[in-house]
Amino acid sequence: MDNLINLDQASELAPGVYWVGAGTKTFLSRNSFLRIFKGNGTTGTLLIDPGPTNDLDSLSQKVSAVLPGGLAKINLAFINHQDPDVLGVLPTLTKLNQNLTVIATEDTWRLANLNGMSQTPFRAVDKVQGQRVVLPTGHKLQFIPTPFCHFRGACMIYDLESRILFTGDLFGGIAASGLHATESNWAGIKAFHQLYMPSNEAIRLAINKIRALDPAPLALMPQHGGLIKGELIELFMNRMEELQVGLDIISSLSEKMPALIAGLNEIMGEVRNILGADEVHRIMGFFKPDGTYPAMFTLGDDEQVKDIKGEPVEAVEALLRIFLKFSTEKQKELLCPKILQILLQRGLPPFDFLLTRDDQPMDLSIE
Ligand SMILES: [Fe+2]
Ligand SMILES: [Fe+2]
């Protein structure tokens, strides 16, 4: 079914709920949602997580197709937090409709309004009694703050009629194919959370709040990746509760040294397959005491890593960056997903430069 959905168009997910996102053929898709409320002889429109500046044309085209008058007719916008991929288009929307009201937490808005929106009408989630609002159309919305998932002021929004919970970056995933998640989306969700979520504790707090929702949500709709429905909700919530992320991974790495060394040797096996054993031998020469780099690795006669000295994450990162530096674009395309897969399988941190492939040294020189 999913491959029949044309992602170049808006897609109706439930009555009055439309997906108007973008970037579905990229590593990090962006899900934006348009909610059209009708009732009590009136209409209201709510745009959830509007999206980055780059997606303005796509958003405009998709919204216009389902809402006569397009973006100028949107009167409410909700932002989970202030990241550019969530609110980039918002300053433009506020110019198209000066009555547009933004809904967010105060912690989010304090930073978000600095994008030229200090005069924009704003409604603070924090001041909503019982964290539920009833719209003039009769529809109810509930706000569920999710502190540190991943920003201090992050907040989910629950549409009590469609029973869709819009979760922001929480449950977001990379490398999703299609609009609706399947079990195979978990790998991308896991990688995204290991990178961006600070701690398992923050995730557990959020999951507890989801479990307490009454009625329970029928769908979790994150800002990135696949939309989660049915049995996948419980499955992914259970996995999320056990997932070590961010600081959990960094602070437990010393215990993980054997796994790190084994993972590194497995990665070096892949690098030998792709770059050739001679090239790996040459590169590892840099790490010998008389080489260009400090002796961060102890190598056996068999060229296997036996020990990592100093800060292990930094040492592994340095080595992976050097492997990529000596790889062609084609070799990088083969190497990056293989390295990521090995790191994730072993519960090790997926370095973000493997995702962005930004392996160029940053030029900090001042002219
Ligand atoms: Fe974010
Ligand atoms: Fe995001």
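Ligands are counted one by one from 1 in listed order, and the atoms in each one are counted from 1 as well. The shown structure was predicted, so the numbers you read here are calculated from the model rather than taken from an experiment. All heavy atoms count here, side chains included; hydrogens, waters and symmetry mates do not.
- Ring centroids of Phe236 and Phe171 are separated by 6.0 Å or more, keeping the two rings apart.
- The minimum distance between the Fe ion (ligand 1) and any N, O or S atom of His150 involves atom NE2.
- Counting heavy atoms from C-beta on, the side chains of Met240 and Trp186 come closer than 4.5 Å.
- Using a cutoff of 4.0 Å between basic side-chain nitrogens and carboxylate oxygens, Lys330 and Glu333 are not scored as salt-bridged.
- Taking the side chain to side chain contact (heavy atoms under 4.5 Å, CB included) definition, one finds that Leu195 meets it with Pro350, Asp352, Leu355, sequence neighbours left out.
- Between Pro121 and Asn99, every side-chain heavy-atom pair lies at or beyond the 4.5 Å cut-off.
- If you count the protein N, O or S atoms nearer to the Fe ion (ligand 2) than 2.8 Å, you get 4.
- The pair Arg321-Glu317 meets the salt-bridge criterion, with a side-chain N (NZ, NE, NH1 or NH2) lying under 4.0 Å from an Asp/Glu carboxylate O.
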